[in-house]
Novice: 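Once you've had a glance at the structure underneath, I'll fire off some questions.
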There are 2 protein chains.
Amino acid sequence: MSGREQAACCGRIETCERCGVRGLAVCRVLSPEELRELSRSMRTIELEPGEPLFHEGDPAHSVFTLTGGHLRLSRLLADGRRQVTGFLLPGDFLGLAFRDTYVATAEALDAAVLCTFPRTAFEDFLARHPRFEHELLARARSELAAAQEQMLVLGRKTARERLATFLVQLARRHGTGGRAVLHLPMGRADIADYLGLTVETVSRTFSAFRREGLVRLEGRSTVHIPSLPRLAAEAALE
Amino acid sequence: MSGREQAACCGRIETCERCGVRGLAVCRVLSPEELRELSRSMRTIELEPGEPLFHEGDPAHSVFTLTGGHLRLSRLLADGRRQVTGFLLPGDFLGLAFRDTYVATAEALDAAVLCTFPRTAFEDFLARHPRFEHELLARARSELAAAQEQMLVLGRKTARERLATFLVQLARRHGTGGRAVLHLPMGRADIADYLGLTVETVSRTFSAFRREGLVRLEGRSTVHIPSLPRLAAEAALE
DNA sequence: CACGCGCATTGACATGGCTCAAGAAATCCC
DNA sequence: GGGATTTCTTGAGCCATGTCAATGCGCGTG
């Protein structure tokens, strides 16, 4: 594991209580005392853009909560083909989908900040706080449902439908209304590897959406969606 | 919900204790007393081949353990495109990947037998038995890892690699050694919809494998695999 | 045991998305 | 702020897999 580690010395508890993702992250179900107990084993990590947090196959010694920035999860085949299995936003928990070793590689898309917990301490805490385990199970359920959704995207949707689905999902995750302005922290290659397409197809499809007025592109990574319903109609959302 | 329900009257507890999947299913972590408590709200259902257990979008009132036969989970797009998100074998638990409504349709592939629990009673039991919740979380983790694996298959593998991966996975799930004889409870269309292919491509790929001696087909649904490692080499398993 | 139906296989052709290649536009960095 | 670098876009041609259509075969049924 890499990244600039920081012992969360004196300011530890204040860090959690003032935490920007306090209402989003798994720890939202904890009381102040429980939070204090859990945070005793917590450290903070900062990653630079592109920096890996861990690699597929590494022994899974830690679990994480992303408090700032964005992460990319991916799996690699021997010949270099890559599948991005997910993007993490602030508040997301990282530590459900692995066994003894990490099953995917996690890398920072931009400057990212994480809380990290030794797995042993975390599981120990889990065993003593069933309500916390319940919260994790709820997240796992939600991720499973999302994973099935993604299977539908990858198995049965066209390139247009895949990109439209992706943009609509992102917009919804950001909690925006009928119109939306999205910032994409990931590049075209990441989107392609997430959607099972090539960079060229993603780019062409973006251009097609632009020509049709479904999106307006500003720079590389800002997407205006004038009508979310109209884009959703392209997404074949059942 | 359909299916022939049977109140598990007098023989209820013996049913669980003698259960063929006792060592496989989630209830393996329960003590005899806990088992008795849980089984109080249990009913048994039998399904005929092709019969649905529930449909995508139905309110999720129950959770299940499959004790005999096989199930297919699938999601449908408005125009009829279908993605099979999984096949269930005896011992599998059904009730992790949904929220208030079922996110997939579950149908019997052959004559299937299930234990069914009202969701409220089940969650109530869960709240009082953290060890049981822990077991469910472990299953959820495992399913999440499997779902990511399937994303890699659907997003990045060729038709040959997909079919080879599927057969190797099935063989491993059956716990067979270097050679294997598989019975496929699902048809070619189910396999196609699971792998994001068409029936024709699945059939052609089976035939190619047969010509190359990777498999021997006996009838429609029996597959001999003379060398699992050789088939695994075709599967691009990282 | 033969019939007929549904599922599987095979063939011929079409096409969506991939590959390879060039040029344009951001972004980085000094 | 300008040149280098990386990323993105666009174009042309191709190929793996899809589509459409015909035939074959296993299995349940009478």
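Each chain gets a letter, A, B and so on, in the order its sequence line appears, and its residues count up from 1. When reading the values below, keep in mind they use all heavy atoms of this one structure, side chains included, and skip hydrogens, waters and symmetry mates.
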Novice: May I ask you to decide whether A:E200 forms a salt bridge with A:R188, counting only side-chain N to carboxylate O separations under 4.0 Å?
Specialist: no
Novice: Would you mind checking if B:D110 and B:R72 are paired as a salt bridge, meaning a charged N to carboxylate O distance below 4.0 Å?
Specialist: no
Novice: So which nucleotide from D:dT17, C:dG6, C:dG17 ends up closest to the side chain of B:R220?
Specialist: C:dG6
Novice: Please tell me which of B:K157 and A:R188 maps to the more 5' nucleotide of DNA chain D, matching each residue to the nucleotide holding its nearest heavy atom.
Specialist: A:R188
Novice: For A:S221 and for A:L197, find the nucleotide of DNA chain C with the closest heavy atom, then tell me which residue's nucleotide is more 5'.
Specialist: A:L197
Novice: For B:F64, run the ring-ring contact (aromatic ring centres under 6.0 Å, His included) check against B:F54, B:F93, B:F117 and tell me which one passes.
Specialist: B:F54
Novice: Quick one: which of C:dA12, D:dT17, D:dG24 gets closest to the side chain of B:A159?
Specialist: D:dT17
Novice: Please evaluate the base of D:dC20 for a donor-acceptor partner in the side chain of B:E200 within a cut-off of under 3.5 Å?
Specialist: yes
Novice: Rounded to whole angstrom units, what separation is found between the CG atom of A:L195 and the C1' atom of C:dG17?
Specialist: 13 Å
Novice: In terms of side-chain heavy atoms of A:S203, which of C:dT19, D:dT9, D:dT19 is nearest?
Specialist: D:dT9
Novice: Between D:dT9 atom P and A:R204 atom CZ, what is the distance in whole Å?
Specialist: 11 Å
Novice: Whole angstroms only, please: what is the CZ-P distance between B:F206 and D:dG24?
Specialist: 22 Å
Novice: Heavy atoms only, 4.0 Å cut-off, all strands: where does A:S207 land among base, sugar-phosphate and nothing?
Specialist: sugar-phosphate
Novice: Base, sugar-phosphate, or nothing: which does A:R210 touch, judged by heavy atoms less than 4.0 Å apart?
Specialist: sugar-phosphate
Novice: Can you measure A:D193 atom CG to C:dC18 atom P for me and round it to whole angstrom units?
Specialist: 11 Å
Novice: NA contact type, A:G219, heavy-atom cut-off 4.0 Å: base, sugar-phosphate, or nothing?
Specialist: nothing
Novice: With respect to the side chain of A:T201, which nucleotide from D:dT19, D:dG11, C:dG17 is positioned closest?
Specialist: C:dG17
Novice: Roughly how many Å is it from CZ in A:R160 to C1' in C:dT15, rounded to a whole number?
Specialist: 16 Å
Novice: What's the closest nucleotide to the B:V199 side chain, out of C:dT9, D:dT9, D:dT17?
Specialist: C:dT9
Novice: Could you tell me whether B:E238 and A:R81 have a side-chain N and a carboxylate O separated by less than 4.0 Å?
Specialist: no
Novice: Let me know the distance between CG of A:D190 and C1' of D:dT7, rounded to the nearest Å.
Specialist: 11 Å
Novice: Rounded to the nearest angstrom, tell me the gap between atom CG in B:D110 and atom C1' in D:dC27.
Specialist: 16 Å
Novice: Quick test of your reading of the model: are A:E212 and A:R160 salt-bridged, counting only N-O distances below 4.0 Å?
Specialist: yes
Novice: Figure out the CG/P separation between A:L109 and C:dT27, and round it to whole Å.
Specialist: 16 Å
